[in-house]
Amino acid sequence: MLCFSAILDRFASKSLTIAGAAAMLKTHTCGELRLQHAGLRVELAGWVYRRRDQGGIIFLDVRDRWGITQVVIDESASPEAHDAAGQFRNEYVIHIKGTVRARPEGTANSELATGEVEVVADEVELLNASKTPPFYINQETKIDETVRMKYRYLDLRRPRMQDNLVLRHKVIKFIRDFLDVRGFIEVETPILFKTTPEGARDFLVPSRMNPGTFYALPQSPQQLKQLLMVAGYERYFQVARCFRDEDLRGDRQLEFTQLDIEMSFVRREDVMALIEEMMIAVTEQVAGMTPMHKPFPRITYQDALEKYGSDKPDMRYDLAAVDVTDIAGKSAFPVFVSNAGEGKPIKVLRAPGMAGSLSGTQLRKTAEELETLARSAGAKGLAWMALGEKEEDEVKGPIGKFFTVEQKVALFERTGAKPGDILLFISDQREVVYNVIDTLRRHLANQLGYTDPNKIAFAWVIDFPMFYWNEEEQRWDPSQHMFTATLPEDLPLLDTDPGKARGSQYDLACNGYEVAGGSIRIHDRAIQEKMFPLIGQTMERAREQFGHMLEAFEYGVPPHGGIASGLDRLVMILAGEPNIREVIAFPKTQQGADIMAGAPSEAEPKQLDELSIKVVPPKSEAKS
RNA sequence: GGAGGCGUGGUGUAGCGGUUAACAUAUUGCCCUGUCAAGGCAAAGAUCGCGGGUUCGAGACCCGUCGCCUCCGCCA
């Protein structure tokens with residue numbers, strides 16, 4: 001099933017072990033014995049996964065990272081081994097010697113890769129005992145997250161977690177090989193670097209040798225990889241650890257791993273083509289799944305918002321919102337009429353078959369639940385219409401009476417409504433409408449069973465605006481970062497109407513997550529300098545922060561661009577896991593804590609002295 | 001910074017004003033030679049996260065606090 005050739009080579013050549021060193025305790029892994037090995041004398045070592053003591057005969061399922069093998073100890077054949085094995089308990093570390101044989105007729109276990117054979121042990125050795133684990137290693141049950149994290153080393157023994165970390169390794173290995181073959185080299189960039197004013201909050205590291213100054217941990221190697229392009233490396237990548245001191249989420253950790261890529265002499269299409277090929281290959285060859293859409297659909301940012309309310313839409317299902325402002329704005333429903341008059345859009349999200357055979361009461365309850373959800377997303381209400389199961393049934397819902405028959409027919413045609421559907425009307429300011437569509441769409445997909453973790457759907461989102469207007473600061477904020485190039489045809493807009501200018505940015509969405517994002521960069525110093533006043537920075541400040549970049553830009557910068565992909569998220573999706581913690585060996589809790597080790601913790605006064613740092617009590621404590 | 005949920009033997013849950021705090025599983029002991037979530041019998045194991053309050057009486061209700069989870073803000 002799996003390729004263990006390297007390990008097998010080591011096992012096969014025991015005679016090559018260094019003189020004086022202990023011989024390896026296993027000739028085979030617990031995952032590899034098959035019928036063809038019958039008759040072979042073997043040694044296994046691992047953990048007792050389960051034991052079934054039948055009195056005269058003991059079965060041990062022995063587990064190592066490669067699998068589980070059943071070991072049989074027969075009292076009449078090997079009384080000493082039987083006595084010793086009788087003392088074994090779950091998670092004891094043992095070493096056995098015995099002979100492989102086919103299982104007796106009718107006792108094969110098809111659930112197990114090694115289920116056709118068993119090892120008849122004549123020697124068993126206890127290498128180490130174990131306390132009873134605080135939770136099941138050998139069963140998939142819910143375990144309190146605190147307990148899992150406190151005993152993470154035991155949590156990681158569970159087959160599910162081992163599978164996840166093995167998958168993670170394979171994904172990264174595959175990508176490294178994929179890029180290597182295409183002329184990329186991996187370059188490590190510093191973890192101790194310079195703080196940047198924009199973006200996420202930095203983690204700061206005090207400098208002992210330069211009291212009062214700080215390094216920042218990188219939020220991404222963005223500047224450094226561009227400088228590598230200036231340096232002429234042309235094709236760079238890095239499996240890079242990145243740090244952002246922001247609140248954690250199910251798909252966000254304080255530190256995370258990013259596949260960072262930068263290429264010279266490329267256009268947007270070149271980067272996208274490479275990543276698309278890579279993502280398809282990883283999905284198919286490593287995860288054994290097939291992307292639902294090949295080639296990946298490309299959606300403009302604006303379309304993504306209009307149809308899905310999100311710039312990272314889940315494309316495993318359709319459920320696209322439809323604009324009905326022209327129809328509903330002419331209905332007799334006062335809210336729609338006035339909203340349409342104020343330029344607020346009216347959109348319909350169709351919930352296929354959700355009315356179904358619901359009674360009037362059930363239908364109202366369903367609609368109320370959806371309305372509550374819509375309100376939580378910012379809506380003031382949620383109008384709805386339900387189509388009866390039969391064509392001739394009345395249209396149900398409080399707003400039906402405000403629409404003429406012709407208007408209803410137009411609505412049904414526009415939205416593709418079928419008997420049994422519920423139409424959800426969303427109308428408000430544009431940003432609110434998007435948010436509500438996104439929230440309802442994800443909810444409906446879950447309700448309707450459209451979110452199969454075994455399906456995977458990628459989509460490119462392109463043509464992002466260069467800037468968002470920051471109302472508080474009264475300035476433009478870059479929608480990606482200040483090195484993103486404008487689409488060539490929109491370059492003049494920088495001077496006339498920056499809000500309309502589109503960037504050369506591309507994001508890759510997958511199952512409702514953003515799994516990659518990048519852009520073609522500015523390589524012209526004059527254009528780069530134009531960006532700073534737009535985003536409310538003085539040139540003096542820009543030189544302070546980015547002087548090294550601006551200076552580098554005077555020494556022959558090739559056109560370049562790149563992309564960065566959140567590997568934790570990607571592996572999470574490929575593993576079908578709902579949370580990023582499941583694919584990270586030692587993650588943090590939502591409060592940023594490592595429960596096992598007790599990090600973060602207070603520093604010794606001596607350490608603080610050396611760093612010229614004085615800790616003042618937090619404000620909340622100071623008050624009391 | 002905010003909203004919501006959860007916290008009961010090792011683990012997962014039930015109990016929602018008065019019970020001997022229940023069940024499953026794990027654990028320990030005994031029995032058992034073809035099991036594989038083994039089985040049978042027995043035993044042990046919880047001051048119900050912590051602090052305060054209401055009440056004749058609190059695991060339950062109220063307030064606070066701590067921890068974990070989900071989400072909003074935040075994450076160029």
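Chain letters run A, B, ... following the sequence lines, proteins first, then strands; residues in each count from 1. Reckoned from all heavy atoms, side chains included, excluding hydrogens, waters and symmetry mates.
- Nearest-nucleotide positions on RNA chain B place A:E118 closer to the 5' end than the other of A:E118 and A:E111.
- For RNA chain B, none of the residues of residues 515-525 of chain A falls under the heavy-atom distance limit of 4.0 Å.
- Residues that satisfy the salt bridge (Lys or Arg N to Asp or Glu O under 4.0 Å) test with A:D314, not counting sequence neighbours, are A:R316.
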Do any N or O atoms of the protein come closer than 3.5 Å to N or O atoms of nucleotides 26-30 of chain B, and which pairs are they?
unit_1: B:rA26; atom_1: O4'; unit_2: A:Y136; atom_2: OH; d: 3.4
unit_1: B:rU28; atom_1: OP1; unit_2: A:R89; atom_2: NE; d: 3.1
unit_1: B:rG29; atom_1: OP2; unit_2: A:R89; atom_2: NH2; d: 3.0

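- Taking the nucleotide of RNA chain B with the nearest heavy atom to each of A:N138 and A:D144, the more 5' of the two is matched to A:D144.
- Among the protein residues, A:S76 comes within range of the nucleic acid bases, having at least one heavy atom under 4.0 Å from a base atom.
- Note on A:R244: every side-chain N or O is 4.0 Å or more away from OP1 and OP2 of B:rC74.
- Using cut-offs of 30° and 60° for the angle between ring planes, the A:F483 and A:H481 rings count as tilted.
- Of the residues in residues 145-153 of chain A, those with a non-hydrogen atom less than 4.0 angstrom from any atom of RNA chain B are A:E145, A:T146, A:V147.
- With sequence neighbours left out, A:R50 forms a salt bridge (Lys or Arg N to Asp or Glu O under 4.0 Å) with no residue at all.
- Across all strands shown, B:rG73 forms no Watson-Crick or G-U wobble pair with both key distances under 3.5 Å.
- The distance from atom CD1 of A:I73 to atom C1' of B:rG34 is 13 Å, rounded to the nearest whole Å.
- Residue-to-nucleotide contacts include a donor-acceptor pair under 3.5 Å from the side chain of A:R252 to the base of B:rC74.
- For B:rU25, the base has no donor-acceptor partner in the side chain of A:T141 [N/O atoms by modelled type, under 3.5 angstrom].
- Taking 4.5 Å as the limit, every side-chain heavy atom of A:Q505 sits out of range of all side-chain heavy atoms of A:R268.
- Residues A:I73 and A:V71 form a side-chain contact, since some pair of their non-hydrogen atoms from C-beta on lies under 4.5 Å apart.
- Nucleotides B:rC71 and B:rA60, compared at atom P, are 30 Å apart to the nearest Å.
- Put simply, the side chain of A:E105 and the base of B:rG34 share no donor and acceptor less than 3.5 Å apart.
- Residue side chain A:R103 reaches the base of B:rC36 through a donor-acceptor N/O pair under 3.5 Å, judged by distance alone.
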Identify the pairs formed between an N or O of the protein and an N or O of nucleotides 1-5 of chain B at a distance under 3.5 Å, and give each distance.
unit_1: B:rG1; atom_1: O6; unit_2: A:D247; atom_2: OD2; d: 3.3

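- If you take atom P in B:rG53 and the same atom in B:rA58, they sit 12 Å apart, rounded to whole Å.
- A:N164 and A:Q162 share no side-chain donor-acceptor pair at under 3.5 Å.
- As judged by a 4.0 angstrom heavy-atom cut-off over every strand, A:R50 is placed among residues touching the sugar-phosphate backbone only.
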